[in-house]
J.: 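Let me give you the structure first, and then I'll get to my questions.
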Amino acid sequence: MLIVMSYTAGQAEIDAVVNAVEGMGYKARPIPGSERTAIGVLGNTGYVDDVVIRDLPGVQEVIHVSKPYKLVSRAFHPQSSIIEVCGVRIGEGCPPVVAAGPCAVEGEEQIIKTALAVKAAGAVLLRGGAFKPRTGPHTFQGLREEGLKLLAAAGKESGLPIVTEVMSPENVGVVAEYADLLQVGARNMQNFDLLRELGRIRKPVLLKRGMSATIEEFLAAAEYILAEGNPNVILCERGIRTFETATRNTLDLSVVPLIKEMSHLPIMVDPSHATGKRTLVSPMAKAALVAGAHGILVEVHPEPEKALSDGPQSLTFQGFDKLMEEIVKLRQFLGFAG
Ligand code: PEP
Ligand code: MN
């Protein structure tokens, strides 16, 4: 951290800042300049909270060199992390994975049928929401624990590990009983109590980017989970809000290579919520893989026109089969066998 003093700051103000820094247990090194003095802070091993510094008299600006995320940063952990979900390996160097299934678990027949269809097409994870974060309270809210049971049954029947959303810290226990990968939805990316609770379990977490979150906020959210002791986090880009209304969100694909530079954690892409439109899902799923995503999360429904949520962005079984055929070729093109 570098503290830039105002050109009007005198020695007494500089000394007060030096004392405050030393009071925090760090070393302070004043660097006198021709117009003003800067004070370098040394000895910290991560982000320094500047709360007791920034309002001291004579302080003009505090420049942070360390980021608010350390554990997730590549600087701290240069080697890419591979996260395993029931034997499915996700991360750099592994063939990109496909997680597929309905937006919401709606009933036994729907989820079992979908599980078998996506498995046959080549998906390696089954998705399905039981606790649904809906924009309004008058729409289908999910089958909750009953949905988890149906999802677990479909996972068993198909042999696919399951990924499902958890919305509140109180439900981490019950969701973790059934799920193999616990999803944090975009709306909960900064639900810090939820993130902390997920840090206390060992099961892997799929953390979706908030719809208006910067990359720094996204990584800092992941840091909460790692800081509590759970290193098994997979990031997921799912589109952000912009001025554009022609698509549900704007898929920010540049974060895929950017996150790979900044963090060792795997990054997946959800082209369904990113676009909101069935015809755009396959093109953007393929684009995500070319950009280097470690996997994609796709909504698939046996009868999208009858879906209780997100029908317009859900692929039919036929549409998903076609996408998977293309992904097989793409994997080969990208240097992965099969
Ligand atoms: C979902 O995956 O069903 C979902 C609600 O996604 P998001 O949180 O990205 O909107
Ligand atoms: Mn959905």
Side-chain angles (χ1 to χ4, degrees), residues 1-81 83 91-92 189-196 198-200 205 207 209-210 212-235 237 240 252 254-267:
M1 190 163 87
L2 190 69
I3 302 158
V4 181
M5 301 301 289
S6 155
Y7 69 92
T8 58
Q11 194 55 46
E13 286 159 336
I14 293 169
D15 290 346
V17 171
V18 167
N19 287 338
V21 169
E22 288 177 348
M24 291 164 76
Y26 307 123
K27 288 199 173 72
R29 287 274 181 282
I31 310 161
S34 56
E35 280 181 13
R36 64 186 82 237
T37 293
I39 300 166
V41 177
L42 305 172
N44 54 304
T45 52
Y47 187 81
V48 176
D49 189 348
D50 63 16
V51 69
V52 299
I53 306 283
R54 64 183 176 223
D55 283 339
L56 289 177
V59 172
Q60 182 179 303
E61 196 185 349
V62 178
I63 300 169
H64 288 273
V65 180
S66 303
K67 300 290 183 196
Y69 48 88
K70 175 187 172 191
L71 304 174
V72 307
S73 74
R74 211 176 261 286
F76 176 74
H77 188 296
Q79 205 182 356
S80 299
S81 288
I83 308 299
E92 197 62 18
M189 188 205 81
Q190 287 187 316
N191 181 341
F192 301 116
D193 285 340
L194 174 62
L195 300 175
R196 276 195 204 95
L198 288 165
R200 296 185 191 118
V205 177
L207 177 66
R209 180 181 183 183
S212 57
T214 63
I215 304 299
E216 183 156 308
E217 289 163 342
F218 191 17
L219 294 176
E223 183 84 1
Y224 270 88
I225 304 173
L226 271 76
E228 287 293 331
N230 185 355
N232 302 311
V233 175
I234 301 166
L235 303 167
E237 161 65 30
I240 50 172
D252 182 10
S254 56
V255 305
V256 172
L258 182 58
I259 290 237
K260 287 165 78 164
E261 285 177 14
M262 297 167 79
S263 175
H264 55 92
L265 297 176
I267 169 104

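Quick caveat, the model's predicted, so the values are computed rather than measured.
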J.: Got I83 and V205 here, is their nearest side-chain heavy-atom distance under 4.5 Å?
T.: no
J.: After noting the C-alpha distance and the side-chain angles of V21 and I3, does the key distance pass the side-chain contact (heavy atoms from CB on, under 4.5 Å) rule?
T.: CA-CA 10 Å; V21 169; I3 302 158; 3.8 Å; yes
J.: Within the distance-only criterion (no hydrogens, no angle test), does the side chain of E223 pair as donor or acceptor with the backbone N or O of V72 below 3.5 angstrom?
T.: yes
J.: So which atom in P231 and which in L265 form the shortest heavy-atom distance, rounded to 0.1 Å?
T.: O-CD2, 4.2 Å
J.: Measuring from T37:OG1 to I14:CD1, what's the distance to the nearest 0.5 Å?
T.: 3.5 Å
J.: Side chains of V255 and F218, heavy atoms from C-beta outward: is any pair under 4.5 Å?
T.: no
J.: CG of L258 to CD1 of I215: how many Å apart, nearest 0.5 Å?
T.: 5.5 Å
J.: With side-chain contact (heavy atoms from CB on, under 4.5 Å) as the criterion, how do S80 and R74 come out once you've worked through the C-alpha distance, each side chain's angles and the decisive distance to 0.1 Å?
T.: CA-CA 8 Å; S80 299; R74 211 176 261 286; 3.1 Å; yes
J.: Return the minimal non-hydrogen interatomic distance between A222 and L235, and the atom names on each side.
T.: CB-CD2, 3.9 Å
J.: Which atoms form the tightest heavy-atom contact between M24 and D49, and what is the distance?
T.: CE-O, 3.3 Å
J.: Hey, does V51 have a side-chain heavy atom less than 4.5 Å from the side chain of R54?
T.: yes
J.: Measuring from L42:CG to L2:CG, what's the distance to the nearest 0.5 Å?
T.: 10.0 Å
J.: Under the side chain to side chain donor-acceptor pair (under 3.5 Å) rule, collect the residues that match up with Q60, sequence neighbours excluded.
T.: R36
J.: What are the two closest heavy atoms between S81 and P266, and how far apart are they?
T.: O-CG, 3.5 Å
J.: Can you tell if the side chain of T45 reaches within under 4.5 Å of the side chain of K70, non-hydrogen atoms only?
T.: yes
J.: When you compare the side chain of E13 with that of L56, does any pair of heavy atoms fall below 4.5 Å?
T.: no
J.: What heavy-atom pair brings S66 and N44 nearest, and what distance separates the two atoms?
T.: OG-ND2, 3.7 Å
J.: What is the distance from atom CD of E237 to atom CG of D252, rounded to the nearest 0.5 Å?
T.: 5.0 Å
J.: Going from CD on Q190 to OG on S212, what distance comes out if it is rounded to the nearest 0.5 angstrom?
T.: 8.0 Å
J.: With sequence neighbours left out, write down each residue that passes ring pair (Phe, Tyr, Trp, His ring centres under 6.0 Å) with Y47, or none if nothing qualifies.
T.: H64
J.: Under the rule for ring pair (Phe, Tyr, Trp, His ring centres under 6.0 Å), what residues qualify as partners of F192, not counting sequence neighbours?
T.: Y224
J.: Any side-chain to backbone donor/acceptor pair from E228 onto L198? Under 3.5 Å, distance only.
T.: no
J.: Would you say I39 and M5 make side-chain contact, with heavy atoms under 4.5 Å?
T.: yes
J.: Provide the closest heavy-atom pair for R29 versus K27 in the form atom of the first, atom of the second, distance.
T.: NH2-CD, 3.8 Å
J.: Is any side-chain heavy atom of L207 closer than 4.5 Å to one of L195?
T.: yes
J.: Nearest 0.5 Å, please: how far is NZ in K67 from CD in E216?
T.: 5.0 Å
J.: With side chains defined as the heavy atoms from C-beta onward, is the minimum distance between V65 and M1 less than 4.5 Å?
T.: no
